[in-house]
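One structure is given here, and the rest of the page talks about it.
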Amino acid sequence: MKPIIGITTDVTKEDKLFVNSEYVEAVLRAGGLPFIIPVGIEGDVQQVADSLDGLLLTGGNDINPILFNEEPHTHLGEVTPSRDACELPLARYMLTTEKPILGICRGVQILNVAAGGTVYQDLHKQNEEQMLQHAQKAPRSHPSHFVQLEKGSVLEAIAGSERIQVNSFHHQSVKDVAPAFKVTAVASDGIIEAVEGTGEQFVVGVQWHPELLATKADAVSLGLFERFIGACK
Ligand code: MN
C-alpha cells in the first residue's frame, strides 16, 4: 500500500481550486499516492488528518499577518483567507500526530505560524540590509542562490553536503522560528530557508520549491520527497 499524501490546494481570485502538477508528480515519483485537499474542510481536520499518512503544504499567496498578531504591512501581497482557515488548523492537528509533514514555500510559513512562529510580511522592506534576489527571474527549475545546511539535519543528510543551490520565489520568509522547530537552512543574507522539527516526527519546511527540481531529476530534491514519503507509514 502506498502512503496517502494530502496535498493542499491553492485558490484563485475567481475561487477556483488548483494545484500545480509538479507537487503531484513529485509525490508520485517518490512512491506516494497524492490526494488533493480542498479548502473548506476546516471543520473536519481531524477526520481528514486521520485519513492521511502524510501532509504536503504547498506554495501560494501570502500569510495573513492577523494570524500572528500583526497588522498588514504596506508591502504585504495578496492573502488567501480560505486557505489560511483550512491549512492552519490542519497543520496544527497534524503536528499533534506522528505523521510526516513537508511544507514548501508558503507551506513552511504556515507551518511555522501554526506552531507559534511569525513570518516577514515582506523580507525586503522589513530588513535594513540589501537582500538576495529571492524572487528569481531565472526559469522556475533553475537553482539560483545557495543555502547553508545545518550539520546533522535531515536536509544535510539527504544532500550529503552543507551547501546546496536552490530556486527561490518568495518575498515572505520565516522570521521568529516556532519553539518546536530549529533552523536547518539559511541563505547568505541570513534569510531562513528551512526549518525542521526537533522531535521524532518528520517535519521539514523549505522556502524553495523542490517539486520543480525533483521533476527535473535533481537528486537532492527528489531525495527530500523520497525521505518524506518513506517516513509515512
Ligand atoms: Mn530564497
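Every number for a ligand or one of its atoms is a count from 1 in the order of the listing. Values reported hereafter were calculated over all heavy atoms of this structure, with side chains retained and with hydrogens, waters and symmetry mates removed.
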Check your understanding: Is the Mn ion (ligand 1) under 2.8 Å from any N, O or S atom of Ser168?
Key -> yes
Practice item. Identify whether the distance between the nearest side-chain nitrogen and carboxylate oxygen of Asp84 and Arg106 falls below 4.0 Å. Key: yes
Revision key, fill the gap. Restricting His134 to its N/O/S atoms, the closest one to the Mn ion (ligand 1) is ND1
Exercise for review: Answer yes or no: does atom NZ of Lys182 have more than 12 heavy-atom neighbours from other residues, nucleotides or ligands under 6.0 Å?
Suggested key: yes
Check your understanding: Looking at Phe169, is Arg140 sitting on its ring face, NZ or CZ under 6.0 Å from the six-membered ring centre and within 45 degrees of the normal?
Key -> yes
Check your understanding: By atom name, which N, O or S atom belonging to His170 lies closest to the Mn ion (ligand 1)?
Key -> NE2
**Study point:** Residue that, paired with His134, satisfies side-chain hydrogen bond (donor to acceptor under 3.5 Å, both in side chains) out of Glu193, Gln172, His171
**Key:** Glu193
Revision key, fill the gap. The Mn ion (ligand 1) has as its nearest N, O or S atom from Glu193 the atom OE2
